[in-house]
Amino acid sequence: MIPTINSASAALYTHLLIAFVLAIAGFCSLRWLVSHASGKGRPLLISILCRPLLALPWILFLFYCGYFWPFEVSAEVEETVVLGQKILLTLYPAWFAWELSLHVQPIIQAMGGRWQERLSHSVIARTAQLLIVVSTLLSMAQVFGYSLSTLLAFGGIGGIILGLAAKDWLANFFGGLMLMLDRPFAEGDWIRSPDRAIEGHVEKVGWRLTKVRTFDRRPIYVPNSIFTGIVVENASRMRNRRTVENFALRYEDVQKMPRILSRIDELAQQITEVDSNEPHYAVFLRYDDYALVCQVRVHIKRTDRVGFLKVQEAVLLLIAQVVAEEGASFAYPTRRILANGSIAK
């Protein structure tokens, strides 16, 4: 049956047309504001929530159409329209919250360095996402007419069954939660475990697995439950790296040795990347079979391997330079042939 258009319907059509024009105007205005704010350094919240904000005029237009549709509809259609409105009212706030959870890291960075040290963006983001999903599912269940108390009672029984069937998965889940709360390492850190053959850079800390990229570029996927029972060394959080080097002088240079060691210790502290606040020394260590064994210890500020090796190289070259300047030489095994033909070491 084709509906006739009377004056009331014409008025409603006019209202819908006006609402559509207002929705277009609101959308264009919001888009212009977002782009204008972007040109002047877009505020963080506008940058994060731009998509939900741009969808707001059209959602309001759909609500208006649902309430003021000009034709008579059946009760079933009205129930469907009301159900759709309830679904939108449930999902739209969840969309806002989800967009915020995806950008927790820049929000914490905007709060300042102190908050970056205290808060883990991974913990906050994933906890928020879990709460959003659970609360949205429970709200949707209520929208479709399911009793919340019944769902919670069934969830308690189902949780026990699920816990027994997926205990390994739950162990990894809570292991990941402990990693995010205790923060023994973060994404990008260089870690190693003396208990397991694990060494490399952490690429991702997930709820169940942690991805570690080894130095030969192979990825290792470690279940999070393993980290609760092993020792993990986080090399990225070292304040400095220690280097201890031995070198040997000839017995003929025993008189020159005190000045050599004093100069090495003094000049080593003048190297920019050497941490002079840490214990350091250049000392005579012991008498060896053919040499005077000395030892140099310094702490290097560079903790990355390449930078550390370059500074260590500078220290080693400094030792060689001082030994040469003082007219001494490094010792090495020698043999002397005596006049009677015997060989003396």
Side-chain angles (χ1 to χ4, degrees), residues 105 108-109 113 116-118 120-123 175-176 178-206 209-248 260-261 263-283 285 293-324 330 332:
Q105 185 174 5
I108 295 178
Q109 290 176 350
Q116 291 183 21
E117 297 176 358
R118 294 183 178 181
S120 170
H121 65 87
S122 299
V123 176
M178 290 301 102
L179 288 178
M180 295 174 191
L181 292 175
D182 295 338
R183 302 185 70 185
F185 51 80
E187 295 176 359
D189 286 353
W190 164 30
I191 66 169
R192 64 178 294 271
S193 172
D195 301 335
R196 298 290 184 95
I198 301 172
E199 183 173 10
H201 290 91
V202 179
E203 287 196 350
K204 183 179 180 181
V205 181
L209 296 172
T210 295
K211 182 181 178 182
V212 179
R213 181 78 61 174
T214 62
F215 294 123
D216 57 359
R217 316 315 299 163
R218 291 181 301 168
I220 299 177
Y221 298 90
V222 186
N224 289 332
S225 59
I226 290 180
F227 289 108
T228 61
I230 64 173
V231 176
V232 177
E233 175 185 314
N234 191 338
S236 296
R237 296 183 184 176
M238 293 188 295
R239 293 177 299 178
N240 47 55
R241 297 182 70 174
R242 186 186 68 175
T243 179
V244 179
E245 297 295 338
N246 293 344
F247 63 96
I260 291 173
L261 296 177
R263 286 194 62 197
I264 289 174
D265 188 34
E266 179 184 352
L267 294 176
Q269 303 313 306
Q270 297 178 11
I271 299 177
T272 307
E273 296 297 336
V274 170
D275 192 348
S276 58
N277 296 321
E278 294 290 339
H280 56 86
Y281 57 73
V283 296
L285 198 60
V293 179
C294 304
Q295 186 176 90
V296 175
R297 166 181 164 175
V298 295
H299 286 77
I300 296 173
K301 297 177 183 178
R302 294 286 297 271
T303 57
D304 60 293
R305 182 165 180 79
V306 175
F308 167 77
L309 291 177
K310 287 187 175 298
V311 181
Q312 180 180 259
E313 177 188 49
V315 174
L316 294 175
L317 293 176
L318 173 65
I319 294 172
Q321 177 186 345
V322 173
V323 170
F330 293 112
Y332 52 90

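No more than 12 heavy atoms of other residues, nucleotides or ligands lie within 6.0 Å of CZ in Arg196, so this atom counts as exposed by the packing criterion. Counting heavy atoms of neighbouring residues, nucleotides and ligands inside a 6.0 Å radius, atom OH of Tyr332 does not exceed 12 of them.
Atoms CZ and CD, on Arg239 and Glu278 in that order, are 5.5 Å from each other to the nearest 0.5 Å. In this structure, Arg302 CZ and Glu273 CD are separated by 5.5 Å, a value rounded to the nearest 0.5 Å. To the nearest 0.5 Å, the span separating OH on Tyr221 from CG on Leu209 amounts to 9.0 Å. Atom CG of Asp275 sits about 8.5 Å away from atom CD of Gln269, to the nearest 0.5 Å. The CD1 atom of Ile198 sits 4.5 Å away from the CD1 atom of Ile230 when rounded to the nearest 0.5 Å. To the nearest 0.5 Å, the span separating CZ on Phe247 from CD1 on Ile319 amounts to 5.5 Å.
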task = Walk me through it: do Glu245 and Leu316 pass the test side-chain contact (heavy atoms from CB on, under 4.5 Å)?
result = CA-CA 8 Å; Glu245 297 295 338; Leu316 294 175; 3.6 Å; yes
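With sequence neighbours excluded, the residues forming a salt bridge (charged side-chain N to carboxylate O under 4.0 Å, His left out) with Arg237 are Asp189, listed by chain and number. By the salt bridge (charged side-chain N to carboxylate O under 4.0 Å, His left out) test, Arg192 is found to be paired with Glu233, residues two or more places apart in sequence or in another chain being considered.
Shortest non-hydrogen contact noted between Arg305 and Arg241 is CA-NH1, 3.6 Å. The minimum heavy-atom distance between Gly188 and Ser236, with the atom names listed, is O-OG, 4.3 Å. In this structure, Ile220 and Ala197 approach most closely via the heavy-atom pair CD1-O, 4.3 Å. Taking each heavy atom of Val222 and Phe227 in turn, the nearest pair found is CG1-CE1, 3.7 Å. Taking both residues in full, the closest heavy atoms of Leu318 and Ala268 are given as CD2-N, 3.4 Å, listed atom of the first, atom of the second, then distance. Closest non-hydrogen pair, Ile191 versus Val212, comes out as CD1-CG2, 4.3 Å.
Classification of the His201-Trp190 ring pair by plane angle, with boundaries at 30° and 60°, yields tilted.
In this structure, His299 and His280 have side chains that are not in contact, with every pair of non-hydrogen atoms separated by 4.5 Å or more.
In this structure, Thr303 contributes its side chain and Asn240 its backbone to no donor-acceptor pair below 3.5 Å. Under a 3.5 Å cut-off, the side chain of Gln295 and the backbone N or O of Val244 do not form any donor-acceptor pair.
Residue pairs satisfying the side chain to side chain donor-acceptor pair (under 3.5 Å) criterion with at least one member in residues 311-322, sequence neighbours excluded, are listed as follows: Thr243-Gln312, Gln321-Glu325.
In summary, the side chains of Thr214 and Asp216 do present a donor paired with an acceptor at a separation below 3.5 Å, with no hydrogens or angles considered.
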